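The structure appears right after this line, and notes come after that.
Just so we're clear, the structure is a prediction, and the values are computed from it rather than from any experiment. One-based numbering along the sequence shown. These numbers come from the heavy atoms of this one structure, side chains and all, not from hydrogens, waters or symmetry mates.
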Amino acid sequence: MSTAKKKASSKKAPAKKALAKKALAKKSATKPKAVKKPKQSTQERAINSIRALTLDATTQAGSGHPGMPLGCAPMAYTLFTKVMNHNPSNPNWINRDRFVQSAGHGSMLSYSLLHLTGYKVSMSEIKNHRQLGSITAGHPEVGHTPGVEMTTGPLGQGISSAVGMAIAEAYLAANFNVARHKIFDHFTYVIAGDGCLMEGISSEASSLAGHLGLGKLIVLYDDNSITIDGSTDITFTEDTVKRYEAYGWHTQSVADGNDVTAIQKAIKAAQGEKSKPSLIAIKTIIGFGTDVQGTDEAHGKALKADQKAEAKERLGIDWASFSVPKDVSKHYGSVKTKGKQTEAKWNTLFKSYKKAAPEKAKQLTRILAGEVPELDLPVFPTTKNGGTDDATRNWSSKALNVLAPQLPEIIGGSADLAGSTKNTILNSGHMQTGKFKERNINFGVREHAMGAIANGIALHGLKPQVATFLIFSDYLRPSIRLAALMKQPVTYVFTHDSIGVGGDGPTHQPIEQVMSLRAIPNLNVIRPADANETVQAWACAVSSNTSPTALCLTRQKVPTLKVPKDSVKKGAYVAADSKGTPKLILIATGSEVALALDAKEALDAKGIATRVVSMPCMEYFEAQNAAYKEKVLPSKVKARVAIEAGSSLGWERYVSSEGTVLGIDRFGESGEGNAIFEAFGFTVENITKIAQTLVK
């Protein structure tokens with residue numbers, strides 16, 4: 001290097017160092033500084049124990065969302081130790097306050113508190129956060145982790161289902177409480193974040209909650225102003241508190257998310273508001289105590305070991321990783337003791353209640369145990385024997401109203417379509433503010449919230465039924481998926497199930513919806529053919545405790561058929577058989593079963609021995625043993641035609657390479673229903689033509 005260049009380089013070096021030093025100083029200014037603090041109180045150490053476990057678990061996992069738990073630890077601590085009535089020794093006590101962490105990504109908030117307060121969430125499970133086989137999964141899962149009330153993660157679902165929980169509490173209290181025996185008297189608490197309140201579903205549900213005046217619903221809003229992409233200012237500048245005021249909610253604000261006294265005072269005020277749900281906006285700092293606090297980096301990125309150590313030093317956490325100080329353990333131990341005492345007092349009350357209201361107590365015990373009595377089901381005469389042709393949506397209404405008097409746990413309604421979906425429970429009014437004894441719920445044009453609210457009602461031990469047109473099932477699909485994942489017995493009444501809708505045209509004619517619903521694991525999709533299959537379908541739906549059910553129903557009339565007992569439960573059965581071994585099998589669902597039966601007559605007349613199989617529910621059929629499946633669909637009969645006025649995708653498994661599917665793989669048309677069916681080839685003539693090409 002030349003002397004001139006060396007001199008130039010030496011001049012630049014100090015300048016570079018100065019710039020670097022200035023940048024470092026600027027960066028350091030945003031970091032929380034470690035300052036010598038006075039000795040922490042046990043309460044402060046208890047709150048920091050939540051933070052410590054969060055830091056330990058997420059750093060060890062190498063992934064997770066530490067930011068939200070670090071900021072929300074004080075409010076969650078306040079709920080679990082100073083506010084909520086709950087018993088860690090019995091997470092299923094029916095009069096417990098419910099806690100829903102709507103912002104489920106910060107799951108270590110729940111897991112830390114469940115461990116600390118004495119639920120069966122061991123330290124070894126905390127250490128295995130987000131690992132295969134652990135009960136401390138990446139997002140909370142009901143039924144998987146003791147004390148978790150709902151599976152959350154998809155933002156907005158938790159707060160929306162909490163509305164359903166509050167509705168269920170109000171319904172149960174109105175119908176089962178008697179003088180001096182308030183068996184149901186509890187709150188539903190939610191911690192929701194900015195993302196939850198951005199989601200449209202929460203707006204739908206919160207609007208309805210305000211309309212109904214659900215005073216037992218209290219939402220703590222984690223107002224940290226950060227999302228994954230940065231500050232909420234880039235997309236979310238509305239006044240959220242005023243929005244909730246407009247919904248008819250009681251609202252408050254807490255300026256400091258670390259102020260336990262202020263948080264507790266606000267919750268107490270919310271409890272005192274009996275006729276409105278409450279929103280408490282609590283200003284927090286995401287990732288509190290870390291070098292990335294208050295930034296989007298704190299949201300979903302586990303800290304490195306050195307960052308974790310620095311954060312603990314700032315927070316005054318001076319105990320070993322994955323441990324709890326003795327004074328903190330003792331402090332949290334009082335929650336378990338108090339919980340046992342509170343439930344014991346309630347058990348004494350319930351014992352007295354059984355004497356004061358024996359019939360109500362008996363009914364309630366059955367409902368909460370998930371037991372369904374032997375159902376009295378009608379059998380309708382076939383059309384050929386004087387029976388009536390009618391739409392399966394109308395038969396569904398009859399079936400529902402036969403079952404409703406037998407099962408008071410059935411409540412629900414439609415998304416502003418009750419006159420079309422026919423799912424109104426007769427001899428009952430409509431739920432409104434102060435009228436929670438009623439069984440019908442007007443959800444308004446809020447399909448997605450309706451689905452989430454139904455999940456909350458089911459999680460509370462009831463059997464919700466909700467309705468809209470099948471085409472709009474897409475609007476509540478995320479909630480349906482969660483119901484299936486959570487194993488909740490929600491019944492979806494989906495009417496107007498095919499191109500038979502007619503003149504409303506392709507926007508209202510479902511094509512892919514039935515098959516796409518069948519793709520959801522643990523969802524039973526039933527497309528009944530007539531009155532008797534519809535009744536059996538309803539019986540299957542309300543008898544389930546581990547799966548939701550979608551009923552896909554016609555608007556157009558169909559004939560009433562002879563359906564052997566328990567046929568729907570088997571998923572598929574022989575609706576009409578040939579004399580001797582069949583040469584052809586027609587497999588149909590819903591309104592197309594009657595068409596298949598007509599086609600059979602024409603094919604038999606042409607010397608093609610034909611069997612008709614009605615397959616109302618693929619999921620039920622797949623659950624049968626191999627012998628039954630072979631009996632219904634003998635493998636030696638290769639000539640098969642599946643007939644369904646919807647997507648053909650998925651029928652391959654039943655028709656194989658030697659059969660075919662008469663389905664629809666394009667959008668529909670506007671016109672009279674029968675004319676559209678004919679235009680799409682759903683005629684006896686076309687089926688006969690197809691069959692003749694298969695049978696040689």
Side-chain angles (χ1 to χ4, degrees), residues 498-499 510-521 523-529 533 552 567-604 606-666 677 680-696:
S498 73
I499 55 173
I511 299 297
E512 74 279 15
Q513 278 67 30
V514 172
M515 199 56 79
S516 70
L517 287 170
R518 288 175 180 144
I520 298 176
L523 173 66
N524 297 318
V525 181
I526 308 178
R527 190 165 181 249
E533 282 195 11
C552 303
S567 292
V568 171
K569 189 187 294 185
K570 294 174 182 175
Y573 66 97
V574 178
D577 212 353
S578 60
K579 292 179 180 178
T581 303
K583 294 181 180 178
L584 172 75
I585 300 176
L586 301 179
I587 311 167
T589 75
S591 52
E592 289 76 79
V593 173
L595 173 63
L597 290 169
D598 289 343
K600 170 186 162 53
E601 290 185 11
L603 289 163
D604 283 343
K606 292 182 177 294
I608 300 175
T610 303
R611 168 181 289 186
V612 174
V613 170
S614 175
M615 189 177 284
C617 183
M618 287 184 178
E619 294 78 21
Y620 290 161
F621 185 62
E622 286 304 310
Q624 304 306 308
N625 59 39
Y628 181 76
K629 291 181 184 178
E630 177 65 21
K631 183 179 177 182
V632 174
L633 296 174
S635 53
K636 63 183 177 182
V637 183
K638 306 295 185 183
R640 301 178 183 183
V641 182
I643 309 168
E644 185 171 65
S647 175
S648 64
L649 181 68
W651 278 108
E652 300 87 355
R653 75 169 102 173
Y654 298 116
V655 299
S656 72
S657 59
E658 296 181 46
T660 192
V661 182
L662 174 55
I664 304 174
D665 293 312
R666 68 177 183 87
F677 269 116
F680 278 83
F682 287 86
T683 64
V684 170
E685 293 74 22
N686 189 42
I687 293 171
T688 301
K689 182 180 177 182
I690 292 170
Q692 287 176 317
T693 65
L694 298 176
V695 179
K696 300 173 182 174

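The side-chain hydrogen bond (donor to acceptor under 3.5 Å, both in side chains) search around Arg653 returns none, not counting sequence neighbours. Taking Ser614 as the reference, Glu533 meet the side-chain hydrogen bond (donor to acceptor under 3.5 Å, both in side chains) condition, with sequence neighbours excluded. Evaluation of the side chain to side chain contact (heavy atoms under 4.5 Å, CB included) rule for Lys606 yields Thr688, Gln692 as partners, not counting sequence neighbours.
Contact detail for Phe682 and Ala645: the closest heavy-atom pair is CZ-CA, 3.6 Å. Pairing each heavy atom of Ile608 with each of Val695, the nearest pair is CG2-CG2, 4.0 Å. Contact detail for Asn524 and Cys617: the closest heavy-atom pair is CB-SG, 4.3 Å. The shortest non-hydrogen separation linking Gly607 to Lys583 is O-NZ, 3.6 Å. Residues Leu517 and Leu523 share a closest heavy-atom pair of O-CD2, 3.5 Å.
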Name the atoms and distances for all side-chain donor-acceptor pairs under 3.5 Å in residues 622-629, with sequence neighbours left out.
residue: Glu622; atom: OE1; partner: Lys629; partner atom: NZ; Å: 3.3
residue: Glu622; atom: OE2; partner: Tyr654; partner atom: OH; Å: 2.5
residue: Gln624; atom: NE2; partner: Tyr620; partner atom: O; Å: 3.0
residue: Asn625; atom: OD1; partner: Ala627; partner atom: N; Å: 3.3
residue: Asn625; atom: OD1; partner: Tyr628; partner atom: N; Å: 2.8
residue: Tyr628; atom: OH; partner: Ala572; partner atom: O; Å: 2.6
residue: Lys629; atom: NZ; partner: Glu622; partner atom: O; Å: 3.3

Identify every side-chain donor-acceptor pair in residues 595-603 under 3.5 Å, counting partners at least two apart or on other chains, and give the distances.
residue: Lys600; atom: NZ; partner: Asp577; partner atom: O; Å: 3.0
residue: Lys600; atom: NZ; partner: Asp604; partner atom: OD2; Å: 2.8
residue: Lys600; atom: NZ; partner: Thr610; partner atom: O; Å: 2.7

- Derivation of the side-chain contact (heavy atoms from CB on, under 4.5 Å) call for Val525 and Glu619: CA-CA 7 Å; Val525 181; Glu619 294 78 21; 3.9 Å; yes

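Once rounded to the nearest 0.5 Å, the distance linking CD1 of Ile585 with NZ of Lys638 reads 10.5 Å. A distance of 6.0 Å separates CZ of Phe680 from CD1 of Ile511, quoted to the nearest 0.5 Å. Leu586 CG to Ile643 CD1: the interatomic distance, rounded to the nearest 0.5 Å, is 4.5 Å. The CG atom of Leu694 sits 11.5 Å away from atom CZ of Arg640, with the distance rounded to the nearest 0.5 Å. Within the model, atoms CG of Leu584 and OG of Ser578 stand 9.5 Å from one another, a figure rounded to the nearest 0.5 Å. Annotation: the span from Leu662 atom CG to Lys689 atom NZ amounts to 12.0 Å, rounded to 0.5 Å.
Arg527 places no side-chain N or O within 3.5 Å of a backbone atom of Ala588 that could act as its donor or acceptor partner.
Counting heavy atoms from C-beta on, the side chains of Cys552 and Gln513 never come closer than 4.5 Å. Using a 4.5 Å heavy-atom cutoff, the side chains of Val637 and Leu633 are not in contact.
The side chain to side chain donor-acceptor pair (under 3.5 Å) pairs that include a residue from residues 641-651 are Arg518-Glu644, Thr589-Glu644, Glu644-Trp651, Ser648-Asp665, where partners are two or more places apart or lie in different chains.
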